[in-house]
S.K.: 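One structure follows; several queries about it will come next.
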Amino acid sequence: MSLRKSHELHQRRFGRNLGVGLVLAVFIVIIFGLTIVKVSGGDFGAPTQEVQD
Amino acid sequence: MSDASINASTVSAQLRADEASFGDYFALLKPRVMSLVVFTALVGLVAAPVPVHPFVGFCAILFIAIGGGASGALNMWWDADIDRVMKRTKGRPIPSGKVEEGEALALGLALSGLAVIMLGLATNWFAGAFLAFTIFFYVVVYTMWLKRSTPQNIVIGGAAGAFPPVIGWVAATGSMTLEPWLMFALTFMWTPPHFWALALFMRSDYDDAGVPMLTVTHGRKATRTHILVYTALLALLAIGTAFSGIGGPVYLTVAVVLNTLFLRGAWIISRRTEQDAEADNFKAERSFFKLSLLYLFLHFGAILVEALLKPYGLGGWS
């Protein structure tokens with residue numbers, strides 16, 4: 001049983017909501033992918049001893 | 001079935017027809033213009049002499065495209081009044097009543113901010129700032145200021161569409177040299193003849209909207225001469241680019257063939273009278289416009305081929 005009654009608006013805007021949901025999901029994947037690439041590429045590596053000195 | 005239920009279902013069907021779909025919002029981003037932005041930015045990024053991680057490169061192109069799309073939405077927000085008048089633009093989401101003007105403004109602003117910040121984070125802040133400047137140039141300088149005030153609107157406004165390969169190059173290198181500006185100049189010089197040919201055969205549209213296109217302010221004969229002059233200058237630039245760091249034998253061959261055809265088309269247009277053009281329904285102008293699309297695509301395609309051949313010791317003149 002659903003928590004609340006499905007409104008006609010939900011059916012009418014299903015395509016739009018699905019599209020927005022997919023865009024947000026893709027955005028999460030992009031942020032995750034960029035993080036992996038940046039971290040593994042050494043962009044955020046700890047400073048070396050020489051730099052600290 | 002009662003009258004009430006028939007009315008309810010009619011109202012519901014009408015609501016569904018008026019409801020903006022996801023595609024309507026996507027159409028605000030001018031997907032066809034975005035495809036040109038994606039392609040030229042990709043060429044700028046690949047032609048740059050610094051290797052980029054494929055995923056970072058993909059993200060850079062995506063955010064440049066989103067920035068381009070956002071400026072398209074802002075353009076549609078500002079130009080909604082003239083879009084309602086012009087036949088070519090009547091079907092756009094705002095004139096057709098699918099999307100509210102305020103929604104286009106909100107989407108454009110939100111996506112502009114997102115694209116600039118994400119491009120800066122993914123590549124470098126020079127590229128991010130350049131994208132911000134491009135959006136500003138297209139929306140404020142071209143759309144709000146020049147488009148309705150000067151017949152040179154297309155010439156100066158064309159710069160906005162010419163920036164993506166420079167942004168692609170800067171995203172890869174973080175710096176600037178002559179080569180990305182040659183790609184910029186190629187698109188910049190190509191834009192006027194491309195749009196003036198369109199204005200010649202879509203004439204009533206710009207007249208009705210009161211946009212001061214060259215055809216309206218200086219006459220159609222002067223527009224035909226302008227097309228020839230700009231095409232001649234473009235040909236010099238396009239062939240000269242063959243001898244730069246992004247050129248090579250493949251590019252030179254493509255440039256010589258296409259510029260010969262393009263110059264021939266511009267020469268024919270310049271020699272025609274309005275009677276000639278109306279007699280064959282602007283055949284020469286229409287085919288010049290179609291050729292212009294192929295012209296830009298193949299020039300950038302040739303630069304891309306030269307860049308892709310370089311790792312095998314084949315691209316360029318070396």
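Letters go in sequence order (proteins before strands), and every chain restarts at 1. Note that the coordinates shown come from a computational prediction; the quantities given were computed from them, not determined experimentally.
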S.K.: Output side-chain donor-acceptor pairs under 3.5 Å for residues 160-174 of chain B, partner residues at least two apart or in another chain, one line each.
M.R.:
unit_1: B:Thr173; atom_1: OG1; unit_2: B:Trp169; atom_2: O; d: 3.0
unit_1: B:Thr173; atom_1: OG1; unit_2: B:Ser175; atom_2: N; d: 3.1
unit_1: B:Thr173; atom_1: OG1; unit_2: B:Ser175; atom_2: O; d: 2.9

S.K.: Using every non-hydrogen atom in the two residues, find where B:Lys310 and B:Gly245 come nearest and quote the distance to one decimal.
M.R.: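 Smallest heavy-atom distance, with atoms named: NZ-O, 2.7 Å.
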
S.K.: Give the minimum heavy-atom separation between B:Asp24 and B:Ser21, together with the two atoms involved.
M.R.: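 That would be OD2-N, 2.9 Å.
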
S.K.: Is there side-chain contact between B:Arg92 and B:Met76, with at least one heavy-atom pair below 4.5 Å?
M.R.: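 With C-beta onward as the side chain, the pair touches.
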
S.K.: Check A:Arg16 with B:Glu19, please: is the shortest side-chain N to carboxylate O separation under 4.0 Å?
M.R.: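 A salt bridge is present here (some side-chain N lies under 4.0 Å from a carboxylate O).
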
S.K.: Taking C-beta and beyond as the side chain, do B:Cys59 and B:Phe63 meet within less than 4.5 Å on heavy atoms?
M.R.: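 Yes; the side chains approach each other to less than 4.5 Å.
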
S.K.: Side-chain contact test, heavy atoms from C-beta onward, threshold under 4.5 Å: evaluate it for B:Met176 versus B:Trp181 and give yes or no.
M.R.: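 B:Met176 vs B:Trp181: side chains touch.
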
S.K.: Does the side chain of B:Val85 come within less than 4.5 Å of B:Asp81's, by heavy atoms?
M.R.: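 A side-chain contact under 4.5 Å is absent here.
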
S.K.: For B:Leu29 versus B:Met34, what's the shortest heavy-atom pair and its separation?
M.R.: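 Heavy-atom minimum between the residues: O-SD, 3.7 Å.
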
S.K.: What part of B:Tyr25 lies closer than 4.5 angstrom to a heavy atom of chain A: side chain, backbone, both or neither?
M.R.: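 Contact with chain A involves the side chain of B:Tyr25 alone.
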
S.K.: Is the backbone N or O of B:Ser71 less than 3.5 Å from a side-chain atom of B:Asn75, with the two atoms forming a donor-acceptor pair by type?
M.R.: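 No, the answer is negative, given that no donor and acceptor are paired below the 3.5 Å cut-off.
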
S.K.: With rounding to the nearest 0.5 Å, note down the distance linking OG1 in B:Thr89 to CG in B:Asp79.
M.R.: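 If we round to the nearest 0.5 Å, B:Thr89:OG1 and B:Asp79:CG are 8.5 Å apart.
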
S.K.: Tell me the residues of residues 100-119 of chain B whose non-hydrogen atoms fall below 4.5 Å from those of chain A, in number order.
M.R.: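 Residues B:Leu114, B:Met118 are the ones that qualify, each having a heavy atom under 4.5 Å from chain A.
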
S.K.: By number, which residues in residues 42-56 of chain B have some heavy atom less than 4.5 Å away from chain A?
M.R.: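 Only B:His53, B:Phe55, B:Val56 of residues 42-56 of chain B have a heavy atom under 4.5 Å from chain A.
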
S.K.: Are the side chains of A:Leu34 and B:Leu121 in contact, using a 4.5 Å heavy-atom criterion?
M.R.: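 No, every pair of side-chain atoms sits at 4.5 Å or beyond.
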
S.K.: What distance separates B:Phe297 CZ from B:Ser35 OG, expressed to the nearest 0.5 Å?
M.R.: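 Nearest 0.5 Å value for the CZ-OG distance: 10.0 Å.
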
S.K.: Could you tell me which portion of A:Ile31 (side chain, backbone, both or neither) has an atom closer than 4.5 angstrom to a non-hydrogen atom of chain B?
M.R.: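 For A:Ile31, the side chain is the part near chain B, not the backbone.
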
S.K.: What parts of residues 122-140 of chain B touch chain A if we use heavy atoms and a cut-off under 4.5 Å?
M.R.: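 Within residues 122-140 of chain B, near chain A: B:Ala122, B:Thr123.
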
S.K.: What's the separation between atom CG in B:Leu304 and atom CD in B:Glu306, rounded to the nearest 0.5 Å?
M.R.: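 Spacing of CG (B:Leu304) from CD (B:Glu306) equals 10.0 Å.
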
